[in-house]
2 protein chains.
Amino acid sequence: MRLTSKGRYAVMALVDLARFNGINPVSLRDISLRQGISLDYLEQIFSKLRKKEIVQSVRGTQGGYILNKKAKEIKLTNIFDAVDEKVKTVQCKKESKKGCNGKSTKCLTHNLWDELETHINNFFDKKSLDDLVKENFERRL
Amino acid sequence: MRLTSKGRYAVMALVDLARFNGINPVSLRDISLRQGISLDYLEQIFSKLRKKEIVQSVRGTQGGYILNKKAKEIKLTNIFDAVDEKVKTVQCKKESKKGCNGKSTKCLTHNLWDELETHINNFFDKKSLDDLVKENFERRL
DNA sequence: TATAAACCTGACCAAAATAGTCAAGTATCA
DNA sequence: TGATACTTGACTATTTTGGTCAGGTTTATA
């Protein structure tokens, strides 16, 4: 089981954005420099975040991104969803008519992974971007 | 984030083994047939399980494997540990002297992954092999 | 004691996913 | 009109995964 860095970068970038979120949009270039994430990669990530309406883009000089909702309303689940970072457990549905392993029943661990998914998602559902900003900078927005 | 099937197979095989655990050892061949897991792959997995003393092997004709502890005492954490299925989150320690991303401080999500790891491990610490056997076969061993 | 069942080990490999890079735009503000 | 910044899509090297394959060793039993 691994957590990929795409999800991690997305969260880092958004915490950074949330922190500097104000009157002016924040450019990806600034985020790239502060967080040490390649600009090209950030663009990929923010493209997805924009499509899921987590951020808004502002084009042109002095453009950049702003949060589309309050930091408190953006849950980590939303972020991971946006960048296709899901908790993928068992792919028991490949041959849809059969159960796992091509047998006629569910595999012995089927329910286990379902429970785990729920467990993890609960964790991410509770955490908001605002929580992370507070934890890191010890101040309210 | 993904869960690999090695961990899943290990759990499946052990649930099967726990169910048929009795006077005679259970052969990998039987497990392979019942669970639809390749024999070669099972051997790799059981080699690791044996090293971590989760199972014992019995050689020779009529040989096979038996559980080394009571099913109730084998937690899923132990199983995943044995097959190197860990919750790997951030590898912030690559350049050990620096923080994440080569910066001097921890990355903004460092604590988050720590918390998540704890959260997931709590889940696996609570679940025992015996729980899974009961869930699947609705009877006590 | 021969033999077959079963364990044991390590090397090897194809496919998929990851973690990006690169190139070529388009939009918009100053 | 030029600079800045977003936008998109193709491409790719590396790593991981999910196994297979070959060649053993051990031991119960016929």
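From a predicted model like this one, the values you see are computed outputs, not experimental measurements. Letters A, B, ... mirror the listed sequences (proteins, then strands); counts begin at 1.
For DNA chain D, the residues of residues 47-63 of chain B within the heavy-atom distance limit of 4.0 Å (strictly under) are B/Arg59, B/Gly60, B/Thr61, sorted by number.
Computed from coordinates, the B/Lys6 NZ to D/dT17 C1' distance equals 8 Å when rounded to whole Å. What separates CG of A/Leu39 from P of C/dA23 is a distance of 15 Å, to the nearest Å. To the nearest angstrom, P of D/dG9 lies 14 Å from CD of A/Glu43. Protein atom CG of A/Leu42 is 13 Å distant from nucleotide atom C1' of D/dA5, rounded to whole Å. What separates CD1 of A/Ile31 from P of D/dA5 is a distance of 12 Å, to the nearest Å. Taking atom CG of B/Asn24 as the reference point, atom P of C/dA5 lies 17 Å away to the nearest angstrom. We find that CG of A/Asp40 is positioned 16 Å from P of D/dT12, with the value rounded to whole Å. The interatomic distance linking A/Gln44 (CD) with D/dC6 (C1') rounds to 14 Å, in whole Å.
Listed pair A/Ser38 / C/dT21 meets the phosphate criterion, a side-chain N or O lying under 4.0 Å from OP1 or OP2. One finds a side-chain N or O of B/Tyr9 lying less than 4.0 angstrom from the OP1 or OP2 phosphate oxygen of D/dG19. Under 4.0 angstrom from either OP1 or OP2 of C/dC22 there lies no side-chain N or O belonging to A/Tyr41.
A distance-only check finds a donor-acceptor pair linking the side chain of A/Asn136 to the backbone of B/Leu108 [under 3.5 Å].
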Applying side chain to side chain contact (heavy atoms under 4.5 Å, CB included) to A/Leu129 and A/Leu67, what does each step give before you reach the verdict?
CA-CA 11 Å; A/Leu129 201 53; A/Leu67 290 182; 4.1 Å; yes
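Residues meeting the side chain to side chain donor-acceptor pair (under 3.5 Å) test with B/Asp16, sequence neighbours left out: B/Arg34, B/Gln35. Looking at residues two or more places apart in sequence or on another chain, you find a side-chain contact (heavy atoms from CB on, under 4.5 Å) between A/Lys69 and A/Glu73, A/Ile74.
The aromatic rings of B/Phe124 and A/Trp113 sit perpendicular, their planes meeting at an angle over 60°, well past the 30° parallel limit.
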Taking only distance into account, with no hydrogens and no angle test, what donor-acceptor pairs under 3.5 Å do side-chain atoms of residues 39-59 of chain A form with protein atoms, sequence neighbours excluded?
{"from": "A/Lys48", "atom 1": "NZ", "to": "A/Asp84", "atom 2": "OD2", "distance (Å)": "3.0"}
{"from": "A/Gln56", "atom 1": "NE2", "to": "A/Asn68", "atom 2": "OD1", "distance (Å)": "3.1"}

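In this structure, A/Phe46 reaches neither bases nor backbone, as no heavy-atom distance under 4.0 Å exists between it and the strands shown.
Nearest nucleotide to the B/Ser27 side chain, out of C/dA6, C/dA19, D/dG18: C/dA6.
Residue pairs meeting the side chain to side chain donor-acceptor pair (under 3.5 Å) criterion with at least one member in residues 118-129 of chain B, sequence neighbours excluded: A/Glu115-B/Lys127, A/His119-B/His119, B/Thr77-B/Asp125, B/Lys127-B/Glu135, B/Ser128-B/Asp131.
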